[in-house]
> 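My structure is below; once you've seen it, I'll send some questions.
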Amino acid sequence: MSFTVLLAAPRGFCAGVERAIRTVELALDNRAPGDDQPVYVRHEIVHNKVVVDDLRARGAVFVEDTREIPQGAMAVFSAHGIAPSVREEAAMRGLVTLDATCPLVSRVHAAVLRYAARGYTILFVGHAGHPEVEGVMGEAPARVRLVQTVDDAEQVVVPDSSRVAYATQTTLSMDDVSAIVDTLRRRFPDIVGPQAGDVCYATTNRQEAVQALVEQHGADVVLVLGSPNSSNSNRLREVAESAGARAYLLGTPDELDPRWVAAATRVGVTAGASTPEHLVQGLVRRLEALGADEVQTVETRIEDVFFAPPPMRSRG
Ligand code: SF4
């Protein structure tokens, strides 16, 4: 049976991801002739297996702990940001570092530091275990409390309710953030923080776009390309589902199960902020092979954000 493919726009790479990948590429290219030392990257530079495998093939070595990096080596910090303790460990090991933290994540770090310096308790809305959360909380561990759910927001205890601030992970669902922040505002009327949270432009725009696919353009199935550990990709799947579609997260086009689209008339396609466009095009080709006879782009917003990579440094 034939069906229409609706391609969300914007989708895929955001400015922070492009900057982070470019940082590793430049570090690899900038090695002196004859220098075949690897460029170490702490954590996946962005949460996408295809991107990581590609950079690994070009000479990057991915590690989870700075202590795995040899003394004096070149090390890149991932887009998700790091706690100050990681920076200190890297300095102790004499690493030559390049910081690919997204500037929008750095902005959240700076806000947390500012509030902590003024004696505030900071309620950080995010998901435990995500590297962005670990990095932000590491800025002021004694002052930051993690709030993951509305229930947490109902129960969190602070020493002084007149000095409370909040900040949020950049890749959450806008709806989840507003429900949690509304609860915090009700409980702590003096709370301060960014009106709409810190959910970044790319996360917001991709969620709006996928919502439009379902609510305005009638997608009955939505396919989200993204790795299972990609926060913003998981949120896209949830947003599509909340809007009323069946929604699936897949890492590559090969993971598409034909049964997902067998009864569909309009199949929405989007991609998380760390997913390369060639995977989207590969998925479209697979859908065409399964009966898609029309591909339409549904553009809800034009993006023109660009972040320059950090200045390059070299070893020795
Ligand atoms: Fe930066 Fe947002 Fe992209 Fe994360 S998703 S790297 S915060 S622009």
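Given the structure is predicted, the values throughout are model-derived calculations rather than measurements. Both ligands and their constituent atoms are indexed starting at 1 by order of listing.
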> Does C14 put an N, O or S atom under 2.8 Å from atom 3 (Fe) of ligand 1?
yes

> Should the ring pair W260 and Y248 be called parallel, tilted or perpendicular, given that the plane angle runs from 0 to 90° and is split at 30 and 60?
parallel

> Under 4.0 Å from a heavy atom of Y201: which atoms of ligand 1 are those, numbered in the order shown and with their elements?
8 (S)

> Is ligand 1 less than 4.0 angstrom away from at least one heavy atom of F307?
no

> Under 3.5 Å, is there a donor-acceptor pair between the Y115 and R143 side chains?
no

> Measuring from atom 2 (Fe) of ligand 1, which candidate in S231, G16, C200 has the nearest non-hydrogen atom?
C200

> Do D220 and T265 have a side chain donor and acceptor closer than 3.5 Å?
yes

> Picking from V280, V210, T297, what satisfies side-chain contact (heavy atoms from CB on, under 4.5 Å) with V269?
V280

> Please find out if atom 1 (Fe) of ligand 1 and some N, O or S atom of C102 are separated by less than 2.8 Å.
yes

> Please report which non-hydrogen protein atom sits nearest to atom 7 (S) of ligand 1, along with the residue it belongs to and the distance in Å to one decimal place.
T170 OG1, 3.3 Å

> Is there a side chain to side chain contact (heavy atoms under 4.5 Å, CB included) between L256 and L287 once you walk through the steps?
CA-CA 9 Å; L256 174 68; L287 290 168; 3.8 Å; yes

